[in-house]
Amino acid sequence: MGPHSLEKMVQLQRNPANVRNICVLAHVDHGKTTLADCLISSNGIISSRLAGKLRYMDSREDEQIRGITMKSSAISLHYAQGGEEYLINLIDSPGHVDFSSEVSTAVRICDGCIIVVDAVEGVCPQTQAVLRQAWLENIRPVLVINKIDRLIVELKFTPQEAYSHLKNILEQINALTGTLFTSKVLEERAERESEAPGTPGADPAEQVYDWSAGLEDTDDSHLYFSPDQGNVVFASAIDGWGFGIEHFAQIYSQKIGIKKEVLLKTLWGDYYINMKARKIMKADQAKGKKPLFVQLILENLWSLYDAVLKKDKEKIEKIVTSLGLKIGAREARHSDPKVQVSAICSQWLPISQAVLAMVCQKLPSPLDITPERVERLLCSGSQTFDSLPPETQALKAAFMKCGSDETAPVIIFVSKMFAVDAKALPQNRPRPLTQEEIVQRREQARQRHAERLAAAQDPAPAGPTADGSTPETSPEGEEPKGIGGLQDFVLKSATLCSVPSCPPFIPLGFEATPIVRVAIEPKHPSEMPQLIRGMKLLNQADPCVQILIQETGEHVLVTAGEIHLQRCLDDLRERFAKIEISVSEPIIPFRETITKPPRVDMVNEEIGRQQKVAVIHQARDDHGRVPEGVQVDADGLVTMTTPNKLATLSVRAVPLPEEVTRLLEENNDVIRSMEQLTSSLNEGRSAQLTQRTQERILEFKGKLEQHLAGRKWRDTVDQIWSFGPRKCGPNILVNKSADFRSSVWAGPAGAATQEASRYRDVGNSIVSGFQLATLAGPMCEEPLTGVCFVLERWDQSKFEEPGASESRDPGGEGPGGAASCAPGDGGEGRRGGHPEPGERRAAQKAEPALADCYGPLSGQLIATMKEACRYALQVKPQRLMAAMYTCDIMAASDVLGRVYAVLSKREGRVLQEEMKEGTDMFIIKAALPVAESFGFADEIRKRTSGLASPQLIFSHWEVIPSDPFWVPTTEEEYLHFGEKADSENQARKYMNAVRRRKGLSVEEKIVEHAEKQRTLGKNK
Ligand SMILES: Nc1nc2c(ncn2[C@@H]2O[C@H](COP(=O)(O)OP(=O)(O)OP(=O)(O)O)[C@@H](O)[C@H]2O)c(=O)[nH]1
Ligand SMILES: [Mg+2]
């Protein structure tokens, strides 16, 4: 809709029943932007000749160059049908996985969506993902099967084959919907059952019967895509045509005199027509009858394409006149058959007509929002709608009414921030004012001033203006309005409301995890402020990017993938910071963990039998060197004493079973709410968990108990003291000391005795030590995963003694203590566990006064606990964990070999290979380490000349089987791998790379056998 029709738009907006808010969703390259072009050209914004070539919605230069959409963009269209006028707000979204967050932000603000599927490629991974997103957001989809021309021109299918192929695609996509639907029904049912526990004495057999009944009772027929339901359009966006079967039902009901309703039901499906009897019958494939869809629709299309491609002028003319079309002379003479096809087809079956009609008829208006969706939006966290305050519940009615009268509340959801050049804003557009306008402005200014004075006496208005932002209204009151000054208050998304009772909407559900990180800095150090400002803007404008400043002072950008990274960097350079920046190599995250000791060695011989090679063996001991003063027993129990000798800790590290680690990761939010409760109770605030959260905690605990069974783990779950790092990670601290009471499940002990509260305070230091240890492991200072630290013994003689509590207070140090303290010898910075022998003796002699010289006890405990944990790890077999992508590649059979070559070169592992039915395409699913993924997509594309392109999604962490510290220890290993054996060790390579990046010492010999170099020429 052009700018001239602003008034029209305002007028249309007043009638919400005729507004459609929709987005276009699909797998990458299935033709969303091309389809959007066609729809836009129907409004005369771009010419119909250019539709499909221009890709109007891809307004960025890099989008045009790469040919993929990177940001969603929106446009308003006008459509008139049957005397009604509609306003269609359309969002074109990107299909590439890296930008899936753009899809999340788009579906939130839409009521319906168009799912586009490529007729050749069919249902792809992202098709599934977007369908799921639409489903979770509760918006209604319609389907466009696009690129049907490829079935004719490329695959050379017969109409009959094409029909089976299309049927197949529909079945696949409906199967997906079915799965989503079933899981939802079962989930709801389970929820209802947990809310209303069965009546006592109910027969369990009855309940089982009841359970299955849920699915049978619920009607789901309206959910599925079916041409006879009118929610499917077959199209070729590039050639500008598309149709739903209604169009043909209309034509043929007149032509052959069969009722339109009958045709609507039978045009799709296995029905055939008996021309003589003018009757439609169920088709019997064996007799070679053609279904109606083939006979009446596809064959016509095929013969048109056939005629044009064969340049059969006569036939073309015949078709054109029989359809009653007028083709321009230029198109008719054009040598490229594509131009002719699109000229004829876009007149015969205009795609915009078919798609927009379907959108208006089948997709809901804002008025049709389901109560379920409203309730879901308002209930963040674990709240239920019934538990919301009454005034919030009353908002539901306002949602359903969508009123625009003065008293109606205004609720705005900012789902995404768009970057717009400041020059493009209306107030910044330079324009000379006419004399009258100047007069008018003066009057307005005066009036506004008077109003402001009046308003200053009223209480401050609620809503966004209370935040200090100023609503900008235009004088006429007819133009669209805006709210300024939000940039300081909205980070990525926000809910704004004119009444205070509106809670923030539930957070957007993102599918992608940001994983690729780079450090950036300005080329010229003086431009740092611009960079920081630019990164802040980028963070606001992109839903998925993360910016952080690491402890090292580096500015780090975390993105979802390589292409996303490129786009963010371009954005920074050209829009937000407008400076030259230098970018580090991608920083690859790792995790550290420990495993059970291996049973066989590197040459597959059982350990413990062979002859050790003494010399080489020593090298290994060097690494795991434990300093004096730390006792390590045979099965890995590490015992350390604080420097002041007041406390002794014994810690053991045990690998957690894999399922437990996964459980901890999945229940991160449960752990966090437990932690929040404990900390707010500790601070004396009152807090309570909802019924649902309590149930989830119990369920989580039950599952933990189930997985941590066996003698080794007895009572472990009840002794869990903390999770880490950051109190909610996938590692556990278990306290087995005798007087332990405050497990994570118990919550803080209310009015505790002084001793208990003292215990808690001191205990907090130990927990902090554990948090630090899990945040950065000993191998390369990366976070730990899947480790259980067991505090087996904790002896502290001076628990309740006043002397000890004084020593916690740095101000209370006696003069003697201060004198004997070395400057800067604070407890925090000290690495515990290395007391000099002299010091030790002194400490023993004169406690507690001299103990103070080691700093506060809490600091010593933190350091000692941290070191003890680290040594406990080091005496176990340590392993690195690598981040893994799952990688979906669609490739034609003739380039399959090359795809495999690239995959294996990069340590990829093929998980699954499938042939796509009816085509010669293969779908390969593989796991690929993130560390090896840079340039992967480009390499695949180059090696296969663009015939295969991978989609990478972060999936999980995986243990790298090789030991980074491994050196040959037996005769056989020595023979097999040589003395150094470092060429094979992937884990060591990764570890050293990380250590080098972090500036940590790397154990490497740079010069192996030094010899004085001679310059041969001179010495001769
Ligand atoms: N043969 C054929 N090609 C098409 C059709 N529609 C789109 N294409 C081509 O498919 C390619 C991708 O089209 P786009 O519209 O950019 O796809 P998209 O879904 O917007 O892609 P992303 O936004 O990157 O996910 C382009 O080269 C189009 O020319 C069609 O109906 N038939
Ligand atoms: Mg696109």
Side-chain angles (χ1 to χ4, degrees), residues 24 26-27 29-39 51-53 114-124 127 142-174 225-228 230-249 251 267-269 290-309 319 323 337-358 916-921:
V24 193
H27 188 75
D29 263 0
H30 280 196
K32 296 172 289 297
T33 311
T34 315
L35 174 66
D37 256 16
C38 299
L39 304 186
K53 298 177 191 76
I114 304 177
I115 306 259
V116 181
V117 174
D118 183 328
V120 174
E121 295 189 353
V123 176
C124 291
T127 319
V142 289
L143 182 68
V144 171
I145 301 189
N146 190 29
K147 305 203 187 181
I148 302 228
D149 62 303
R150 288 181 69 191
L151 298 182
I152 312 175
V153 182
E154 273 176 44
L155 299 189
K156 308 220 178 328
F157 277 177
T158 62
Q160 179 70 43
E161 284 166 343
Y163 169 68
S164 323
H165 186 79
L166 293 172
K167 221 166 71 174
N168 211 337
I169 290 180
L170 268 175
E171 266 163 27
Q172 282 176 19
I173 196 156
N174 281 334
F225 298 107
S226 170
D228 52 339
N231 56 8
V232 180
V233 158
F234 301 92
S236 164
I238 203 117
D239 292 341
W241 60 263
F243 63 88
I245 56 169
E246 204 190 326
H247 178 86
F248 284 97
I251 294 175
L267 260 177
W268 178 260
K290 289 177 198 155
L292 281 180
F293 190 74
V294 174
Q295 191 183 356
L296 300 184
I297 303 176
L298 291 188
E299 286 194 342
N300 291 331
L301 263 173
W302 256 247
S303 66
L304 171 63
Y305 267 82
D306 189 54
V308 177
L309 292 181
I319 293 174
L323 291 173
K338 279 240 129 194
V339 176
Q340 281 189 21
V341 165
S342 91
I344 301 172
C345 290
S346 59
Q347 272 192 47
W348 175 33
L349 302 165
I351 183 172
S352 57
Q353 174 69 29
V355 172
L356 293 180
M358 171 169 75
K916 193 128 209 159
E917 249 174 80
T919 63
D920 69 339
M921 302 286 270

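What you see is a predicted model; the values in this text were computed from it and never measured.
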Q.
I'd like to check the salt bridge (charged side-chain N to carboxylate O under 4.0 Å, His left out) partners of Asp228; sequence neighbours left out, ordered by chain and number.
A. none

Q. How long is the span from the CE atom in Met358 to the CG atom in Leu143, to the nearest 0.5 Å?
A. 7.0 Å

Q) Any idea which heavy atoms bring Val120 and His165 closest together, and the distance? A) O-NE2, 4.0 Å

Q: For Glu121, enumerate each residue passing the salt bridge (charged side-chain N to carboxylate O under 4.0 Å, His left out) test, keeping only those at least two apart in sequence or located in another chain.
A: none

Q.
Measuring from atom OG of Ser236 to atom CG of Leu35, what distance do you get when rounded to the nearest 0.5 angstrom?
A. 10.5 Å

Q) Which heavy atom of Lys147 sits nearest a heavy atom of Asp118, and at what distance? A) CD-OD2, 3.3 Å

**Q.** Heavy-atom pair of closest approach, residues Ala162 and Leu298
**A.** CB-CD1, 4.2 Å

Q: Report the distance from atom CZ of Arg150 to atom CD1 of Ile152, rounding to the nearest 0.5 Å.
A: 12.5 Å

Q) What pairs of residues pass the salt bridge (Lys or Arg N to Asp or Glu O under 4.0 Å) test when at least one of them lies in residues 164-174, not counting sequence neighbours? A) Lys167-Asp270

Q | All side chain to side chain donor-acceptor pair (under 3.5 Å) counterparts of Trp268, not counting sequence neighbours | A | none

Q. About how many Å separate CD1 of Ile114 and CG of Leu39, when rounded to the nearest 0.5 Å?
A. 6.0 Å

Q | Ile238 backbone acceptor or donor facing Lys53 side chain under 3.5 Å | A | no

(Q) The criterion is salt bridge (charged side-chain N to carboxylate O under 4.0 Å, His left out); which residues satisfy it with Glu161, sequence neighbours excluded? (A) none

Q.
I need the minimum non-hydrogen distance between Gly242 and Ala354, along with the two atoms involved.
A. O-CB, 3.5 Å

Q. Hey, what do you get for CD (Glu246) to CD1 (Ile251), rounding to the nearest 0.5 Å?
A. 11.5 Å

(Q) Could you work out, with side chain to side chain donor-acceptor pair (under 3.5 Å) as the rule, every residue matching Thr33, not counting sequence neighbours? (A) Thr69, Asp92

Q: Would you name the heavy atoms of Pro159 and Glu299 that are closest together and state the gap between them?
A: CG-CG, 3.8 Å

Q.
Strictly by side-chain hydrogen bond (donor to acceptor under 3.5 Å, both in side chains), give each pair with a member in residues 346-355 just once, sequence neighbours left out.
A. Tyr79-Gln353

Q | Set of residues satisfying salt bridge (charged side-chain N to carboxylate O under 4.0 Å, His left out) with respect to Lys338, sequence neighbours excluded | A | Asp149, Asp239

Q) Do Val24 and Val144 come close enough that some side-chain heavy atom pair is under 4.5 Å? A) no

Q | From CA spacing to verdict: side-chain contact (heavy atoms from CB on, under 4.5 Å), Phe234, Ile297 | A | CA-CA 11 Å; Phe234 301 92; Ile297 303 176; over 6 Å; no

Q: Look only at the side chain of Asn146 and the backbone of Val116, and say whether a donor-acceptor pair between them is shorter than 3.5 Å.
A: no

Q) Would you say the side chain of Gln160 lies within less than 4.5 Å of the side chain of Pro291, judging by non-hydrogen atoms? A) yes

Q) Do any pairs count as a salt bridge (Lys or Arg N to Asp or Glu O under 4.0 Å) and have a residue in residues 343-355, sequence neighbours left out, and if so which ones? A) none

Q.
If you define the side chain from C-beta out and look only at heavy atoms, does anything of Phe157 sit under 4.5 Å from Ser164?
A. no

Q) Short question: side chain of Asn231, backbone of Ser226 - any donor-acceptor pair under 3.5 Å? A) yes

Q: Under the side chain to side chain donor-acceptor pair (under 3.5 Å) rule, collect the residues that match up with Asn174, sequence neighbours excluded.
A: none

**Q.** Pairing residues for Gln172 by the side chain to side chain donor-acceptor pair (under 3.5 Å) criterion, not counting sequence neighbours
**A.** none

Q.
With a 4.5 Å cut-off on side-chain heavy atoms, are His30 and Cys124 touching?
A. yes

Q: Taking all heavy atoms of Ala235 and all of Ile351, pick out the closest pair and write down the distance.
A: CB-CD1, 3.6 Å

Q) Stepwise, does the side-chain contact (heavy atoms from CB on, under 4.5 Å) test hold for Ile148 with Leu166? A) CA-CA 9 Å; Ile148 302 228; Leu166 293 172; 4.0 Å; yes

Q. Between the side chain of Tyr163 and the main-chain N/O of Gly269, is any donor-acceptor distance below 3.5 Å?
A. yes

Q. Does Thr158 reach the side chain of Val294, with side-chain heavy atoms less than 4.5 Å apart?
A. no

Q.
Once rounded to the nearest 0.5 Å, what's the spacing between atom CH2 of Trp302 and atom CG of Asp306?
A. 11.5 Å

Q: List for me each residue that meets ring-ring contact (aromatic ring centres under 6.0 Å, His included) alongside Phe248, sequence neighbours excluded, and say none if there are none.
A: Phe243

